[in-house]
There are 2 protein chains.
Amino acid sequence: MARTPPGNLPQDPEAPDALPRHARTGKAVTIRDVAKVAGVSPITVSRALNHPELVTPDTLERVRAVVSRTGYVPNEIAGSLRSRRSGIIAAVFPQITNSMFVDTIQALSDDLRQEGYQVLLGLSSYGEREDELIAGIVGRRPEGIYLTGIAHAPDTRRRLIASHIPVVEAWDLTPSPIDMLVGFSHEKVGEAMARYLLARGHREIGLVWGNDLRAGVRRQGLLSVLAENGIHELPTSLEPAPGMFQRGREGLAELLGSGARVSAVACSSDVLAQGVIAEARDRGIRIPEDIAVMGFGDFDFAAHTSPSLTTIAIEKALIGRLAAQALLARIQGREVPERIVDVGFRLVERGST
Amino acid sequence: MARTPPGNLPQDPEAPDALPRHARTGKAVTIRDVAKVAGVSPITVSRALNHPELVTPDTLERVRAVVSRTGYVPNEIAGSLRSRRSGIIAAVFPQITNSMFVDTIQALSDDLRQEGYQVLLGLSSYGEREDELIAGIVGRRPEGIYLTGIAHAPDTRRRLIASHIPVVEAWDLTPSPIDMLVGFSHEKVGEAMARYLLARGHREIGLVWGNDLRAGVRRQGLLSVLAENGIHELPTSLEPAPGMFQRGREGLAELLGSGARVSAVACSSDVLAQGVIAEARDRGIRIPEDIAVMGFGDFDFAAHTSPSLTTIAIEKALIGRLAAQALLARIQGREVPERIVDVGFRLVERGST
DNA sequence: CGTCAAAATGGTATCGGTAACATCGCGGCC
DNA sequence: GGCCGCGATGTTACCGATACCATTTTGACG
């Protein structure tokens, strides 16, 4: 690796220096360098860059010229330390492949960037690691934290509260969030799915269901409504997260293999549902005539499968947008009108039921 | 909101001052506080946390006890400033909804976190803003930067080179990357698509194509091979960036509406292709008998559409993994064996052609 | 032309860690 | 017993910006 060329010592005034490579040719340029060259004090440079309105147009221009000539890039780390504003919002998701969180991330990120914030992405991939992840994140002193879901280790919760960092939990509902909340009731989603299937005359309902937390809550809701209607045991195929198409196929195979009779299959996600549909097609099972299929999420493809997929639509991007707003409001000291926002959901009836 | 438990500060002389706004109850605990309580110097605390092997088991335990009792969370910003290691890798993507980048992000993030790095996510959503985005990112002094694609403003390129930060460009190929590169040739993808369709006997080929940069290169490759075979003009429907299902439908409608005869439709992404298939189905057009359809990306659903989709498979996660490795190698001063890695692609033949 | 408030700029301390170097303590060895 | 070496810990300075307050300059106005 490149060594530093000799003699990049102090009173070496200029030298366009042949750039070595990775080299640290005579230090990176700091605000002091810029100040010196522009003939002002460092703080004036700082002002010129961050509060141009506080500076004479004349000096402003001078500073800017020097900045662009020297290629100075302010060290935001130093700035963050002193100003106690990191300009960072952390966002934690369980995982993003095959998930509906992408739209939320996109919206969140877009809205935050608008206000000069960057998103620090935390993927707690497989469960347990959320704690450590958040511990590491808090150390970076983000100005706000977006969390997926409401289930967090008690330690994590305590740590977050103690940190006084604004927090939004999302994609779920609870009366006692850590701080703020944007979500919807998974229980009610499950109930709605059950009621819909019952209304369509189904009583032999099978489940192809992911085993993640929120899916579990939806299942509870679904089961409770079915129980009220005298349906107590239903054939179920539980799939490990993340729900992939292949798992949906296997799920239907498992249900049918168990010998149970099903007139409808409810799935915890559209992805699984599409797998179910594919498997049914391969087996010559007609949908919805032989078996009705219902998903969750209203993924983009849901309207375009064959048959198109009945599902539950969530305003995924809206969640991100509202979460961003909530965080920004809190950061900027504005009043947060509602700490808890329920974005609801919508049952979309299509060809698969 | 939780109040701070009383007296977690030694001979705290003054009042916890009525919390002003953001509730700064008697200051956050710093490494000095921990040191004082544990009866050691700050640097020993630092060592206990970051290099436990340099510290007596006895002091280590003592420090840890105090840390957990006080709820001390090291301020990584301060640490980063002094140590010049931010522990951050920035990753820039054009946009992530409806895109194939999610798998790459996931793999990248997983592998980096393994090594203690966090991902700062930059979504340059709609074009022009990549410059500003990167300018802002460099200020945060990431230890590595992942960029999607090879087309960057000359200014950006210069700035990145000047920053001496390791850079990986991905999802594309060029002999002259900024630093390192993990990708594949879009031109060859286009050529492969063309050859495949020709081999299947198609000469009346329509395009439903996204207008992003890399798609454009694939199109060039495709057109050049067709031109070599005497096919010069092909009906094309150009779709604005994120390629959605709906756009695919519209695309096919446009092709058919133009009166052109097509025996095959090539799409710049599986998402568009699925739209095309849906539209064809609605119009009673049989696939592949009447029209063959081909996509790109091998999205998860590609194997499960009806008919299943012939497409080009990319090892999306592998790209993320290799990019992470490349960055880590550079950061840790290891030799990077190949600065340019071609991960290639694979044509997957399925039912739609 | 002097006065005074407002605007522009500057000096100094500081954010909270860690690098670099210094010091201390202790056991082993000749 | 004295010296050496090394492991454990401490002292000091510093990373690079900005908050805070002081100072100087400008300009409006009587």
Side-chain angles (χ1 to χ4, degrees), chain A residues 24 26-63 66-67 70-88 116 136 138-143 163, chain B residues 9 20 22 24 26-63 66-67 70-88 116 136 138-141 143 163:
Chain A
R24 177 137 345 271
K27 303 292 183 192
V29 27
T30 76
I31 202 172
R32 258 166 273 264
D33 302 326
V34 175
K36 209 170 301 175
V37 177
V40 294
S41 76
I43 189 72
T44 298
V45 175
S46 172
R47 287 196 190 105
L49 296 176
N50 299 319
H51 308 280
E53 74 281 4
L54 294 180
V55 154
T56 300
D58 174 51
T59 45
L60 179 56
E61 193 189 353
R62 199 142 34 92
V63 169
V66 176
V67 165
T70 56
Y72 168 65
V73 179
N75 185 328
E76 309 280 357
I77 294 179
S80 298
L81 176 59
R82 177 67 240 234
S83 69
R84 292 161 172 293
R85 279 183 285 101
S86 64
I88 282 181
V138 171
R140 296 230 146 83
R141 303 290 191 265
E143 294 183 54
S163 74
Chain B
L9 261 236
H22 225 192
R24 176 134 348 270
K27 300 293 181 192
V29 27
T30 75
I31 202 172
R32 262 164 265 263
D33 302 325
V34 174
K36 210 170 300 175
V37 177
V40 295
S41 75
I43 190 70
T44 298
V45 175
S46 171
R47 287 193 188 107
L49 297 176
N50 299 320
H51 309 281
E53 74 281 4
L54 294 181
V55 155
T56 300
D58 175 50
T59 43
L60 178 56
E61 194 189 354
R62 200 145 32 92
V63 169
V66 176
V67 165
T70 55
Y72 168 64
V73 180
N75 185 329
E76 310 280 358
I77 295 179
S80 297
L81 177 59
R82 178 66 237 235
S83 70
R84 294 160 171 293
R85 278 182 286 101
S86 65
I88 281 182
V138 171
R140 298 230 145 83
R141 302 291 191 264
E143 295 183 54
S163 74

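We name chains A, B, ... by the order of the sequence lines, and we start the count at 1 in each one. Everything numeric in this text was worked out from a predicted model, so none of it was measured.
Interatomic distance, OG of B/Ser41 versus NZ of B/Lys36, reported as 13.0 Å (0.5 Å rounding).
Regarding contacts with the backbone of D/dG10, a side-chain N or O of B/Thr44 is found under 4.0 angstrom from either OP1 or OP2. Taking 4.0 angstrom as the limit, A/Thr56 places a side-chain polar atom (N or O) nearer than this to OP1 or OP2 of C/dT9. Side-chain N/O atoms of A/Ser46 include none lying less than 4.0 angstrom from OP1 or OP2 on D/dA17. For the OP1/OP2 pair of D/dG16 and a distance below 4.0 Å, the side-chain nitrogens and oxygens of A/Tyr72 include no atom meeting the criterion. Phosphate contact (OP1/OP2 of C/dT18, side-chain N/O of B/Asn50, threshold under 4.0 Å): present. Checking the phosphate oxygens (OP1, OP2) of D/dT18, no side-chain nitrogen or oxygen of A/Arg85 falls inside 4.0 Å. Taking only side-chain nitrogens and oxygens, B/Ser83 never comes nearer than 4.0 Å to OP1 or OP2 of C/dT18. For the pair A/Ser41 and C/dT9, the criterion of a side-chain N or O lying under 4.0 Å from OP1 or OP2 is not met.
The distance from atom CD of A/Glu76 to atom C1' of D/dC15 is 15 Å, rounded to the nearest whole Å. Look at CG on A/Asp58: it is 14 Å from C1' on D/dT25, rounded to the nearest Å. B/Ile31 has its CD1 atom 14 Å from the C1' atom of C/dC15, to the nearest Å. Regarding A/Asn75, its CG atom lies at a distance of 17 Å from the P atom of C/dG17, rounded to whole Å. If you take CZ of B/Arg82 and P of D/dA17, they are 15 Å apart, rounded to a whole angstrom. Here the P atom of nucleotide D/dC14 and the CG atom of A/Leu81 are 17 Å apart, to the nearest Å. Between the CD atom of B/Glu53 and the C1' atom of D/dG7 there is a distance of 12 Å, given to the nearest Å. Put simply, CG on B/Leu54 is 10 Å from P on D/dT9, counting in whole angstrom units.
In terms of polar N and O atoms assigned as donor or acceptor, the side chain of B/Arg84 never comes within less than 3.5 Å of the base of D/dG16 in a complementary pairing. Side-chain atoms of A/Arg47 come within donor-acceptor range of the base of C/dG10, with a qualifying N/O pair under 3.5 Å. Side-chain N/O atoms of B/Arg32 and base N/O atoms of C/dG17 include a donor-acceptor pair closer than 3.5 Å.
When distances run from any side-chain atom of A/Ile43 to the nucleotides D/dA19, C/dA19, D/dT9, the shortest one goes to D/dA19. The listed nucleotides are D/dG16, C/dT9, D/dT9; the one nearest the side chain of A/Thr59 is C/dT9.
Considering A/Val66, A/Val67, A/Leu60 as possible partners of A/Val63, the one that fulfils the side-chain contact (heavy atoms from CB on, under 4.5 Å) test is A/Val67.
Of all the heavy atoms in A/Thr30 and A/Tyr72, the pair that sits closest is C-CE1, 3.5 Å.
At least one donor-acceptor pair closer than 3.5 Å links the side chain of A/Arg141 to the backbone N or O of A/Val138.
With contacts defined as side-chain heavy-atom distances shorter than 4.5 Å, the pair B/Ser86/A/Ile77 qualifies.
Under the side chain to side chain donor-acceptor pair (under 3.5 Å) criterion, A/Ser80 pairs with no residue at all, not counting sequence neighbours.
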